[in-house]
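To start, the structure under review is shown below, and the notes come after it.
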Amino acid sequence: MHACFRSPEVFSHILCFVNMQLPEEYPTWGYHLYTDFNPTLASLARTCRTFLEPTLDMLWRYQMNLGPILRTFPEDVWKEVIVAYDFENTPDYEISFARLPMASEWSRFHYYARRIKELGYCRFEFADLEKLNDEFPGEVGRRRYVEWDVVDRLCLSRRTPTLFPNLTKLRWDQCPSSFTRLIPLFFGPHLTCLSFGPEVADDEPLSLAFQLSAIADLCPNLTQLEMFSPQPDVVVEAAVEFALRCHRLESFIVTAEQSWSADFLQYLAEQPHLRKVRLRVDAEDAHNLQSLHATAHPPFSSLQSLYLVFPALSSCIELLRVMGSCRLFTLDITVEQRPLPPDLAEFSAVLRQHCSLSSLHVLQIMSPLDGGWYPGKEDFLAVEDMEPLLDFPFIRRFILKSLFVVTFDNNAISRIGLAWPLLIALVIGEYGFCTHSNITWIGLAHLLHNCPQMEVVHLSLDATSTDVGGMTSLPEYRPNKSLRYLGAQDSVLGDVELFAESLFAIAPLCHVIDGDVFECEDVGIQAPMDPIAFYGQVETVLWEMRRTRLRDQFAFLDEYVVTEADLMNDFGNPPKSFPYVRWGPQLANIRLDPRDRPPLNASSSRSAM
């Protein structure tokens, strides 16, 4: 054996590298891929005794749910049934107890349970998808689902005060309120981060509030509390009480319906170790942000992720000025008042002035949809209004959800692609451009070529253009293999085949297209058909193109081909249909027969952690 493998430090670095190994890509999965398996680590654990212990520590460190650890009991203790298949015919299981484990059957469970450090988390989660990571782990990437009554029985029969003595991070995900009483059984002295998914306190908020009120004593090292979904007032009050008692607060993301008080806002601003925070401020306190200057050091001096709910974009601008120099990684803003292009221009300039160019990766600005809005000249948005933002070279997600009349053209969209080559999501005017789009297929091709990792795009297109060949015919051109979702709100539609051929030429794996159409009687533009039907036909044509032109990846689609004889046979078995066609990009697993699939919310409500 090489000498470096005998060094624990060196071998630990090797295992960390192996742990970050991306799984084999499935043809319809993209950057949103969640996974909890690594066959290379499993092989290393079986190589020799020297590798066994450190490799098992790494292999078991991250667990999305309790499915794998339940299978460490003797085989007659648990049972599992197949509930789904993916397109490669790999089964998904639902696991439950056949009987309660006896005292003598817990030794193997404890052997592996002490290695689990992060429960409810994927093996790796990208920081630029932080908010989405909190929302979707309960939905995707799992091979074994666990009912919550199984967790109840596991806790009832346990032989130790806590199930996972070395747990450092816990995400309590989509738990029915009646099971929040089980949360303390996962607490321990090493816990540093506690995150609650949606639906945790919907029916019995007092139960969760009671757990939070005692958490500072049960988990003395807890420094991060995260609740991205809205919480009742009683839960928020308990969370605030924890923040006031925490000696080293690093993350406080609590979604409240009420604004923070001025005193609590001041307290958060003074925390020297605070890296992540969500602030909700009303109009009155927004005018008093200058008071945050009265601290020993700049307010929010260590902040990396900032989630804001403010009355207007001008209040966000004032906060950035008060903060001074900052190194934000994520800036997520929701404003109650719809911003105008000059507001966005001022915000862009101030952000460019105060935020490090090398740190910002995620920028999201949202305002509510105003049903009575009528566009005027003051609403025209040009790329020059966000010119300073193009100086941030590491932007990964840029989302602008507000009502504008977007006047971008091919040149503007190409500039964005050149400025932000690492983009994975670009959403501009998800509510639509509200005008005839000047972006054609060649502009979209330039964008996707310059941003090879792009997975989600929302913009308006003139889909009747036939200029895509001007880009795809270039010798250096390569199609984008990452795009999975195209939101084409307010696009000008024409021929289904033209749309499908153009999109396949630049993004052959994009399998979800959605949006409305732009119609204007003044210039003679009318939709050829209902947009949902149009995009449905486009998706069908795209799947056939993949089946016939990308045989190495999509030959399995042959079994889903529907012949004329199948359609005419009323007495035979119905032909199989490929259920990816109208599903969103965030779902990875499918059922071979969609008629057997429960509603999406059913799978999420039953999944335990």
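Taking Arg275 as the reference, Glu250 meet the side-chain hydrogen bond (donor to acceptor under 3.5 Å, both in side chains) condition, with sequence neighbours excluded. With sequence neighbours excluded, no residue forms a salt bridge (Lys or Arg N to Asp or Glu O under 4.0 Å) with Asp285. Annotation: side-chain hydrogen bond (donor to acceptor under 3.5 Å, both in side chains) contacts of Asp282 (sequence neighbours excluded): none. With sequence neighbours excluded, the residues forming a ring pair (Phe, Tyr, Trp, His ring centres under 6.0 Å) with Phe252 are Trp260, Phe264, listed by chain and number. For Ser356, the side-chain hydrogen bond (donor to acceptor under 3.5 Å, both in side chains) partners at least two apart in sequence or on another chain are Arg327, Ser358. Here Arg49 pairs with nothing under the side chain to side chain contact (heavy atoms under 4.5 Å, CB included) rule; sequence neighbours left out. For Cys48, the side chain to side chain contact (heavy atoms under 4.5 Å, CB included) partners two or more places apart in sequence, or in a different chain, are Met1, Thr50, Phe51. Judged as a salt bridge (Lys or Arg N to Asp or Glu O under 4.0 Å), and not counting sequence neighbours, Arg280 has no contacts. By the side chain to side chain contact (heavy atoms under 4.5 Å, CB included) test, Asn166 is found to be paired with Arg114, Lys117, His190, residues two or more places apart in sequence or in another chain being considered. In terms of the side-chain hydrogen bond (donor to acceptor under 3.5 Å, both in side chains) criterion, residue partners of Glu105 (sequence neighbours excluded) are, by chain and number, Arg99.
Although no hydrogens or angles enter the test, the distance criterion places no donor-acceptor pair under 3.5 Å between the side chain of Ser157 and the main chain of Pro101. Side chain of Gln271 to main chain of Tyr267: a donor-acceptor pair is present (N/O by atom type, distance under 3.5 Å, no hydrogens or angles). Judged purely by atom type and a 3.5 angstrom limit, Thr55 has no side-chain atom pairing as donor or acceptor with the backbone of Leu41. Between the side chain of Gln304 and the main chain of Ser302, no donor-acceptor pair closer than 3.5 Å is present. Not a single donor-acceptor pair under 3.5 Å links the side chain of Ser12 to the backbone N or O of Pro8. Counting only distance, with no hydrogens or angles, the side chain of Ser359 and the backbone of Phe329 share no donor-acceptor pair below 3.5 Å.
Under 4.0 Å is where a charged nitrogen must lie from a carboxylate oxygen, and between Arg71 and Glu80 at least one such pair does. A salt bridge links Glu53 with Arg115: the distance from a Lys NZ or Arg NE/NH1/NH2 to an Asp or Glu carboxylate oxygen falls below 4.0 Å.
For NE2 of His273, the number of neighbouring non-hydrogen atoms (other residues, nucleotides, ligands) closer than 6.0 Å is greater than 12.
The side-chain heavy atoms of Leu509 and Phe554, taken from C-beta on, include a pair separated by under 4.5 Å. In this structure the side chain of Ile365 never reaches within 4.5 angstrom of the side chain of Asp332, judged on heavy atoms.
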TODO: Start with the C-alpha distance between His110 and Thr160, add both sets of side-chain angles, then the distance that settles side chain to side chain contact (heavy atoms under 4.5 Å, CB included), and finish with yes or no.
DONE: CA-CA 9 Å; His110 293 312; Thr160 56; 3.8 Å; yes
TODO: Take Val150 and Trp78 through the test side chain to side chain contact (heavy atoms under 4.5 Å, CB included) and record every step on the way to the result.
DONE: CA-CA 10 Å; Val150 176; Trp78 52 271; over 6 Å; no
- [ ] Check step by step if side chain to side chain contact (heavy atoms under 4.5 Å, CB included) holds for Leu163 and Phe186.
- [x] CA-CA 6 Å; Leu163 290 170; Phe186 294 83; 3.9 Å; yes
Task: side chain to side chain contact (heavy atoms under 4.5 Å, CB included) assessment of Asp149 paired with Phe97 - done: CA-CA 9 Å; Asp149 60 348; Phe97 276 130; over 6 Å; no
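Here the straight-line distance linking atom CG of Leu154 with atom CG of Leu66 works out to 6.5 Å at 0.5 Å rounding. Between the SG atom of Cys355 and the CG atom of Leu320 there is a distance of 8.0 Å, given to the nearest 0.5 Å. Rounded to the nearest 0.5 Å, atoms OG1 (Thr223) and CZ (Phe242) are 7.0 Å apart. Rounded to the nearest 0.5 Å, atoms NZ (Lys79) and CD (Glu94) are 10.0 Å apart. Arg108 CZ to Ile69 CD1: the interatomic distance, rounded to the nearest 0.5 Å, is 9.0 Å. The CH2 atom of Trp60 sits 5.5 Å away from the CD atom of Gln63 when rounded to the nearest 0.5 Å.
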Anything under 3.5 Å between a donor and an acceptor, one on a side chain of residues 213-222, the other on a protein residue two or more places apart or in another chain? List them.
residue	atom	partner	partner atom	Å
Ser213	OG	Phe210	O	2.6
Asp217	OD1	Arg245	NH2	2.9
Asn221	ND2	Pro189	O	2.6

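Side-chain atoms of Ser251 and Glu226 form a donor-acceptor pair, as typed in the model, at a separation below 3.5 Å.
The aromatic ring centres of Phe196 and Trp172 sit 6.0 Å or more apart.
The salt bridge (charged side-chain N to carboxylate O under 4.0 Å, His left out) analysis of residues 150-169, with sequence neighbours excluded, yields the pairs Asp152-Arg181.
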